[in-house]
Number of protein chains: 2
Amino acid sequence: MAITIKDVAGRAGVSVATASRVLSGGRRVSPELADRVRESARELGYRHNAVARALRHGRTSSVGMIVPEIGNPFFPSLVEAVERTLSESGRDLLLCDAQQDPSVELRRARTLMARQVDGLIVIPVSASASRAALDEVASRLPVIQLDRFVTDYLGDWVGVDDALGISLAVEHIAALGSRSVAFVSAEPECSSAQQRLRGFTEATQRMGLLESGDRLLGEFSAGWGRAAAQKLLAGPSLPDAVVCGNDEIAVGLLGEFRRARVRVPDDVLVTGFDDIRFAALADPPLTTIRQPHEVIASECIRLLDARMDDADLPAQRIAIAPSLIARESTGSVS
Amino acid sequence: MAITIKDVAGRAGVSVATASRVLSGGRRVSPELADRVRESARELGYRHNAVARALRHGRTSSVGMIVPEIGNPFFPSLVEAVERTLSESGRDLLLCDAQQDPSVELRRARTLMARQVDGLIVIPVSASASRAALDEVASRLPVIQLDRFVTDYLGDWVGVDDALGISLAVEHIAALGSRSVAFVSAEPECSSAQQRLRGFTEATQRMGLLESGDRLLGEFSAGWGRAAAQKLLAGPSLPDAVVCGNDEIAVGLLGEFRRARVRVPDDVLVTGFDDIRFAALADPPLTTIRQPHEVIASECIRLLDARMDDADLPAQRIAIAPSLIARESTGSVS
DNA sequence: CACAGCTTGGTAAACGATTACACCGCTCGG
DNA sequence: CCGAGCGGTGTAATCGTTTACCAAGCTGTG
């Protein structure tokens with residue numbers, strides 16, 4: 001068995017209470033005893049047992065996080081930012097992957113609750129089907145929705161202003177002279193998809209642009225971007241610009257356009273969303289909407305802490321403005 | 001306060017022992033009492049407390065994992081596979097990011113130990129500087145090194161056979177007629193970089209290829225790929241092929257070649273390593289070495305479990321063969 | 001000089017679950 | 001008819017820590 005505080009106390013010739021006070025800084029302890037305890041702990045290689053401490057305190061100093069699918073290149077950067085922010089206050093992250101499945105998401109939420117995490121950060125898989133998990137958790141724990149939210153669910157949320165982001169993209173291509181524009185995104189299953197769609201509709205109307213072709217809604221993947229490009233190519237004429245719901249779609253689309261010898265940006269402008277690591281490396285480099293991960297993560301933790309402080313705080317929804325990163329896919333920089 | 005097993009027992013009119021036996025299946029309990037307990041638990045919305053259970057059992061049913069940098073696109077897929085594999089046996093993953101810094105890595109290892117994880121999976125940041133963390137942990141916990149390993153460290157490891165992978169790439173480009181080949185990779189700071197470098201040296205010698213230009217060693221990033229491409233372009237002549245240490249480097253290199261109007265594969269062949277999500281979407285699609293994540297993850301957990309079973313098992317090093325994925329960057333499929 | 005008040009240490013009770021052990025009442029075999 | 005054995009239940013110890021409470025000793029003041 002590992003060294004416990006009892007062993008440390010024994011070797012130092014003090015009671016466990018004193019040892020505990022020295023090691024986790026409760027009350028004052030006389031210098032000589034404190035030294036003896038520290039020395040003894042060092043000699044024995046004592047390490048505190050966070051499980052026992054958590055049981056006693058009723059807090060684990062850990063936060064759970066459920067992500068729809070960690071393999072999706074946008075989420076790791078958010079996870080990284082959250083993990084870093086938490087570590088600044090000495091807390092750890094328990095990460096779970098929902099495998100894009102609301103029932104897995106619910107199971108994960110339950111095990112995280114069982115592990116007594118102090119709070120939960122959820123990027124919901126679905127705007128509707130994730131409600132069950134959130135409801136169940138929220139009755140017992142502080143929960144913050146990150147990035148995406150559940151429709152009509154009254155809870156805290158922090159994320160990027162998706163509609164604004166898309167409108168930045170639309171304004172950008174309009175300013176470059178585009179008159180007709182297509183939208184390739186995901187079915188409005190999660191809030192991001194919904195808000196981006198709404199943002200697109202509103203912005204195009206506001207700016208008096210022609211919507212060319214149907215809105216092509218599939219999923220947030222390069223494969224869908226490819227398929228959508230084929231649909232566009234099969235149509236009577238290409239739009240002046242294609243606004244994509246995320247970068248993966250845009251990258252897939254660019255690949256298909258390239259294969260079909262459609263030149264970007266000469267023949268058609270293309271924009272993405274998220275500014276994932278590879279957006280700048282695409283061919284051509286992708287104009288996109290950047291999400292400020294660090295800000296989003298730190299607002300998320302701030303909100304979580306506020307909620308932990310006061311469960312009766314009114315729900316907050318914090319939408320953070322993204323920014324447009326102009327690259328060659330919308331302008332001949334070369 | 002939350003509902004405890006005491007509340008459940010009280011409401012069902014039985015002792016906590018009986019309630020516990022019903023709820024976590026210890027000894028047999030008479031059907032009527034069992035029903036009463038289950039009913040009472042349901043009515044009260046009882047959820048067990050995994051912290052208390054862990055303290056009692058001395059096991060947490062959780063595994064820690066330390067990753068050099070979750071933002072690096074190769075790691076999330078490994079994390080995903082590990083998480084899924086663990087969840088099959090009802091265990092959770094505590095994920096930590098080492099921020100590419102061995103001292104952060106050590107701190108993370110310590111907090112994971114404090115949390116009493118049942119085992120630890122480490123992708124070491126450095127082949128030398130990560131030793132301290134591993135030594136400290138290994139004396140108390142089962143540890144498996146994943147993907148990378150520490151030099152001369154006697155511990156379990158599971159990963160891909162890096163040298164073999166590179167030799168696959170070299171043989172591939174040799175078979176396509178290349179006579180001169182450059183190697184662009186990272187400084188041999190971690191074992192992957194070391195093994196890939198060794199694999200390159202051995203394979204080129206074995207096949208009698210000319211090594212063109214110096215080996216260009218920087219870091220595993222697209223930025224370095226770009227810089228390396230510029231160095232190659234500045235040289236007297238391009239090699240027939242460039243073998244890259246990973247996909248990010250290759251993608252950066254492709255971008256720079258494109259800008260310089262060097263045609264791939266016509267003027268020069270390029271290969272990557274890892275088969276990250278974006279490899280197939282690069283321009284041209286990247287020939288690369290695929291790592292079988294699922295196999296690696298499941299072998300990793302198998303080894304971890306074996307180690308947990310018997311701490312005295314001799315150390316195992318499991319190198320899994322990768323496979324070559326041929327795409328257009330080494331052949332004019334179009 | 002006596003006593004209030006402060007400091008410092010120890011004793012023991014939590015935290016929530018599991019489980020060794022004791023006990024009770026039944027059944028069944030001799 | 002008695003005792004052994006067994007199935008089912010409760011009591012209480014336990015996991016490692018923190019901390020409320022208590023006691024003892026010391027200081028300083030009226």
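Naming convention: chains lettered A, B, ... in sequence-line order (proteins, then strands); numbering from 1 in each chain. Atoms considered below: every heavy atom in the structure, side chains included; atoms not considered: hydrogens, waters and symmetry mates.
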How long is the line joining [atom1] of [X] and [atom2] of [N], in whole Å?
{"X": "B:Tyr46", "N": "C:dT18", "atom1": "OH", "atom2": "C1'", "value": "11 Å"}
{"X": "B:Arg56", "N": "C:dC15", "atom1": "CZ", "atom2": "P", "value": "17 Å"}
{"X": "B:Arg59", "N": "C:dT18", "atom1": "CZ", "atom2": "P", "value": "12 Å"}
{"X": "A:Leu55", "N": "C:dA17", "atom1": "CG", "atom2": "C1'", "value": "8 Å"}
{"X": "B:Asn49", "N": "C:dT18", "atom1": "CG", "atom2": "P", "value": "10 Å"}
{"X": "B:Ile5", "N": "C:dC15", "atom1": "CD1", "atom2": "P", "value": "15 Å"}
{"X": "B:Glu32", "N": "D:dG7", "atom1": "CD", "atom2": "C1'", "value": "13 Å"}
{"X": "A:Gln116", "N": "C:dG16", "atom1": "CD", "atom2": "C1'", "value": "9 Å"}

- Under-4.0 Å side-chain N/O to phosphate OP1/OP2 contact, B:Arg53 with C:dT18: yes

- Does a side-chain N or O from B:His57 land closer than 4.0 Å to OP1 or OP2 of C:dT19, or not? yes

- Query: So with a 6.0 Å cut-off around CG of A:Asp310, is the heavy-atom count from everything else above 12?
  - Reply: yes

- Summarise protein proximity over nucleotides 4-11 of chain C in one line of letters, 5' to 3': B for base, S for sugar-phosphate only, - for none, counting protein heavy atoms closer than 4.0 Å. ----BBBB

- Task: Can you label the angle between the B:Phe149 ring and the B:Trp157 ring as parallel, tilted or perpendicular, going by 30° and 60°?
- Result: perpendicular

Would you mind writing out the side-chain donor-acceptor pairs for residues 17-28 of chain A within the sub-3.5 Å range, not counting sequence neighbours?
from, atom 1, to, atom 2, distance (Å)
A:Thr18, OG1, A:Ser15, OG, 3.3
A:Ser24, OG, A:Ser20, O, 2.9

- Side-chain donor-acceptor pair under 3.5 Å between A:Thr85 and A:Arg302, yes or no? no

- Query: Is there a donor in the side chain of A:Thr60 and an acceptor in the side chain of B:Arg115, or the other way round, less than 3.5 Å apart?
  - Reply: no

- Message: With heavy-atom distances below 4.5 Å as the criterion, would you say the side chains of B:Leu78 and B:Gln291 are in contact?
- Response: no

